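Only one structure is covered here, and it is reproduced in the block below.
Counting begins at 1 with the first residue of the sequence. Everything numeric in this text was worked out from a predicted model, so none of it was measured. Whatever order the structure lists them in is the order used to number ligands and atoms, beginning at 1.
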Amino acid sequence: MALIVQKYGGTSVKDLDRIRNVADRIKATCAEGHHVVVVVSARGGVTNRLVADAKALHPHPDDREMDMLLSIGEQETIALTTIALHSIGQPAVSRTGGQAGILTDNVHTKARLIDIKGGDIAEQLEQGKVVIVAGFQGVNLDGQITTLGRGGSDLSAIALAAALKADVCQIFTDVDGVFTADPRVVPAASKIPELAYEEMLELASLGSKVMQSRAVEFANKHNVPFEVRNSYNNNPGTMVKAETTLEDVVVRGVACDKNQTKVVVSELPDQPGAAARLFQTLADAKVNVDMIVQNIGRDGVANLTFTVPSDETFKAEAAIKACLAELGRGKLDLAETMAKVSVVGIGMRSHSGVAATMFTALASNGINIQLISTSEIKISVAVDLDKADEAVRVIHNAFDLDKE
Ligand code: ADP
Ligand code: ASP
Ligand code: MG
């Protein structure tokens with residue numbers, strides 16, 4: 001008998017028929033003689049709708065109230081899934097994040113996990129029940145409801161699998177696994193059978209929303225192998241683990257993030273410490289800065305261009321304005337939303353020419369590169385939003401990732 005943690009995402013529980021499908025799958029897993037703990041997300045579209053309602057009332061809703069609001073999405077799903085299981089004769093019980101002992105810090109809307117106590121999950125399993133846990137939510141030490149950042153049910157599942165020492169962790173979604181690019185954008189993309197945590201982490205943090213990047217970070221840190229697979233078929237999915245036996249390809253996949261805002265700060269004093277002050281202010285405001293370019297100072301002034309996640313633009317703007325006021329000069333321009341397109345692969349460490357192939361593919365399709373950033377295993381470029389999908393496709397093709 002194994003202990004299996006399964007996570008079903010929003011699209012897999014979108015309507016009652018899909019919830020019935022999930023219940024059947026859970027029951028079938030139990031019938032094989034396993035203990036099953038299930039993490040579910042809010043039904044597809046619910047979280048976005050709740051966010052939109054809050055923003056219609058206030059442009060910058062209070063973070064604690066957002067957690068209070070968003071956590072109801074998952075609470076609906078745990079109850080409905082449990083009721084669906086009862087209807088087919090499978091004993092089951094639902095638990096909120098708090099009831100499952102998912103303890104977090106106080107940072108509302110992107111809380112960090114402190115501990116997973118598990119509540120009475122072990123006893124419930126012993127009594128032959130499936131335990132259905134609300135993903136995405138926890139409680140802080142004061143008992144306040146917190147959430148783990150968008151896509152956070154992935155993290156709930158992986159953290160529970162670690163805490164319960166589960167034998168298997170399965171992330172069920174609406175595609176067959178992790179592909180060489182988003183299969184909705186690149187029909188020629190193919191499923192990757194195995195991935196190293198590192199590669200999955202880069203893909204996720206560069207915009208492949210199939211997994212939440214924080215969840216992959218946790219899996220890597222605590223060595224929790226997991227499989228991404230389809231809740232609508234029994235095809236083998238993608239195994240994500242410490243090491244893979246895949247042949248050494250240079251580029252494993254292409255990722256795209258369409259939520260980057262270009263920020264230009266011009267007329268900064270061209271002197272040591274100005275950039276440091278600016279970026280320290282942004283760091284203090286917890287804004288993630290990426291793709292930084294500083295041009296050569298002229299007439300004693302320098303210009304800095306960088307990107308910030310679009311949902312942090314408001315915080316970034318306030319922080320930069322305060323810093324420029326202190327410096328006594330400098331001008332802020334928030335440019336349009338950009339897309340960041342990236343290639344990822346551990347093989348890049350030992351291969352040259354990746355940037356050349358990528359940039360040539362873009363140039364020969366008339367796509368202009370605005371900013372560039374690189375690390376050991378990825379290269380990212382910022383391009384216009386309306387060129388993003390085309391950029392992903394031409395890069396995917398240039399690295400011979402298109403399936404035959
Ligand atoms: P869930 O509701 O199950 O959490 P998500 O919508 O968060 O599912 O993630 C699944 C989606 O991620 C897919 O429908 C797909 O469009 C998208 N996606 C983006 N990049 C990739 C990729 N490289 N491989 C697979 N899916 C991807
Ligand atoms: N419901 C949350 C979201 O939409 C968490 C999740 O789906 O994983 O972000
Ligand atoms: Mg998701």
Run the side-chain hydrogen bond (donor to acceptor under 3.5 Å, both in side chains) check on Gln170 and Lys7 step by step: do they pass? CA-CA 6 Å; Gln170 299 169 321; Lys7 178 254 172 178; over 6 Å; no
Tell me which residues fall inside the under-4.0 Å heavy-atom shell around ligand 1. Lys7, Gly9, Gly10, Thr11, Phe172, Thr173, Asp174, Val175, Gly177, Val178, Phe179, Ala181, Asp182, Pro183, Arg184, Ser208, Lys209, Val210
[Y] versus [X], side-chain donor and acceptor atoms under 3.5 Å:
{"X": "Thr261", "Y": "Ser310", "result": "yes"}
{"X": "Thr96", "Y": "Gln75", "result": "no"}
{"X": "Asp120", "Y": "Gln124", "result": "yes"}
{"X": "Asp176", "Y": "Asn233", "result": "yes"}

So if I only count non-hydrogen atoms and take anything under 4.0 Å from ligand 2, which residues does that give, chain by chain? Ser41, Ala42, Thr47, Glu74, Phe136, Arg150, Gly151, Gly152, Ser153
Check whether any side-chain heavy atom of Met358 sits under 4.5 Å from a side-chain heavy atom of Val381, and report yes or no. yes
Sub-4.5 Å side-chain heavy-atom contact between Phe172 and Arg25: yes
Identify which one of Ile292, Asp290, Val293 satisfies the side-chain contact (heavy atoms from CB on, under 4.5 Å) criterion when paired with Leu371. Val293
Residue Lys14 excluded, over 12 heavy atoms near NZ under 6.0 Å: no
